[in-house]
Asker: 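Structure incoming, see below.
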Amino acid sequence: MIQPLNLVLFGPPGAGKSTQAQLLMQDHTIDSISTGQRLRDTIAAGTQLGREVEDVMAQGKLVDDTLMTRLLREWLGAIPADRGVLLDGYPRTVAQAEALDGLLSAVNRPLNAAIALMLSDKEAVHRLSGRRICRIPGQPDAIIHIDDQAAVDACLAQGGTLVERPDDAPDSIVRRLAEYNAKTEPLLRWYGRRDCLILIDADGTPATVSATLSAALDTFLRKEM
Ligand code: AMP
């Protein structure tokens, strides 16, 4: 049996983690755990947990490591053993990476690779400040950029509304980038030392970044075999 792949995907806000996670899922038998999306769903559901994390997230700060690790243990346990796991947005600190080692070995899932999406702060600010959710009743949310006039017009023409994520407000963007640079970027060295790091230039269209990522992952996995 081919062993399921276990991957970590990280990068600054706006680098396209979730978009690339979706594209990777088309090519691999893998389930993604997007920690940011799961937290937003919890807030939308109005649960106690949602109320606990809402303010922290809106300010662009990271949710507490202990809480995140508890949640991840639960989410990880729900993925069937014959499927791989793609962690989109976890770990975000070295403490979380240390905790992840224990969580993965508890469920007998060796980490195959950590993929880092690389993007300049300038491009990240441009992407995040123009990012909107196109919300059309009865349809899944779509992410668009306000510079893409055709996408804006199509959304409005279908009766959609353009919604800004609370943490895409200017102050939160600055805070999220500062949090990334101070707390998440050290993971480059952490995974680099373990020889499982794949660096990907994320300054391109989703399709070009995805092609680069797939080729780099294939090459990396071939070397490991
Ligand atoms: P994202 O959708 O990945 O941009 O995440 C949105 C927000 O969710 C982050 O700015 C954090 O507030 C929170 N979050 C997501 N994943 C984590 C994590 N692993 N550790 C701490 N906070 C997280």
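Atoms within a ligand are numbered from 1 in the order they appear, just like the ligands themselves.
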Asker: Can you name the atoms of ligand 1, numbered from 1 with element, that are less than 4.0 Å from a heavy atom of G89?
Answerer: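 With G89 as reference, the close atoms of ligand 1 come out as 16 (N), 17 (C), 18 (C), 19 (N).
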Asker: Nearest protein heavy-atom contact for atom 16 (N) of ligand 1: which residue, which atom, what distance?
Answerer: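 Result for atom 16 (N) of ligand 1: T35 OG1, 2.7 Å.
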Asker: Would you list the pairs meeting salt bridge (charged side-chain N to carboxylate O under 4.0 Å, His left out) in which at least one residue belongs to residues 17-34, sequence neighbours left out?
Answerer: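 Qualifying pairs, neighbours excluded: D31-R83.
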Asker: List ligand 1 atoms under 4.0 Å from L39, heavy atoms only on the residue side.
Answerer: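 Once the distances to L39 are compared, the set is 8 (O), 13 (C), 14 (N), 15 (C).
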Asker: Enumerate the atoms of ligand 1 whose separation from the nearest heavy atom of R176 is less than 4.0 angstrom.
Answerer: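 Close to R176: 4 (O).
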Asker: Can you name the atoms of ligand 1, numbered from 1 with element, that are less than 4.0 Å from a heavy atom of M68?
Answerer: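 What qualifies from ligand 1 is 17 (C), 18 (C), 19 (N), 20 (N), 21 (C).
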Asker: Which ligand 1 atoms, with their elements, are less than 4.0 angstrom from a heavy-atom of Q96?
Answerer: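 Those of ligand 1 that fall under 4.0 Å from Q96 are 18 (C), 19 (N), 20 (N), 21 (C).
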Asker: For atom 4 (O) of ligand 1, what is the closest protein heavy atom, and at what distance to 0.1 Å?
Answerer: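 Scanning the protein heavy atoms, the shortest distance from atom 4 (O) of ligand 1 goes to R165 NH2, 3.2 Å.
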Asker: With side chains defined as the heavy atoms from C-beta onward, is the minimum distance between N6 and L87 less than 4.5 Å?
Answerer: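 Heavy-atom side-chain distance check fails, nothing below 4.5 Å.
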Asker: Counting each atom of ligand 1 from 1 as listed, which ones have a heavy atom of K61 under 4.0 Å away?
Answerer: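 The list of qualifying atoms is 11 (C), 12 (O).
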Asker: Any idea which heavy atoms bring L119 and A15 closest together, and the distance?
Answerer: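 Closest pair (atom of L119, atom of A15, distance): CD2-CA, 3.9 Å.
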Asker: Do Y90 and T69 meet the criterion of a side-chain donor-acceptor pair at a distance under 3.5 Å?
Answerer: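 On atom types as modelled, these side chains qualify, holding a pair under 3.5 Å.
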Asker: For atom 22 (N) of ligand 1, grab the closest protein heavy atom and report residue, atom and distance to one decimal in Å.
Answerer: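 Ranking protein heavy atoms by distance from atom 22 (N) of ligand 1, first comes V63 N, 3.0 Å.
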Asker: Select the closest option to atom 1 (P) of ligand 1 among K183, R92, Q59, M57, judged by heavy-atom distance.
Answerer: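 Looking at heavy atoms only, the winner is R92.
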Asker: Pick one: which of I43, L71, V63 meets side chain to side chain contact (heavy atoms under 4.5 Å, CB included) with L49?
Answerer: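 With L49 as partner, side chain to side chain contact (heavy atoms under 4.5 Å, CB included) holds for just one option, L71.
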Asker: Could you tell me if T93 and D65 have a donor-acceptor pair between their side chains, going purely by distance under 3.5 Å?
Answerer: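 Yes, T93 and D65 have a side-chain donor paired with an acceptor closer than 3.5 Å.
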Asker: In the protein, which heavy atom is nearest to atom 2 (O) of ligand 1, and how far is it?
Answerer: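 Nearest neighbour among protein heavy atoms for atom 2 (O) of ligand 1, to 0.1 Å: R40 NH1, 2.9 Å.
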Asker: Which ligand 1 atoms does K17 reach within 4.0 Å, using its non-hydrogen atoms?
Answerer: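 Contacts of ligand 1 toward K17, numbered from 1: 3 (O).
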Asker: Do we see a donor-acceptor contact under 3.5 Å between the side chains of D41 and Q37?
Answerer: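 Yes, side-chain donor-acceptor contact under 3.5 Å.
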Asker: Determine whether T184 and E179 make a side-chain contact, defined as any pair of heavy atoms from C-beta on separated by less than 4.5 Å.
Answerer: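 A side-chain contact under 4.5 Å is absent here.
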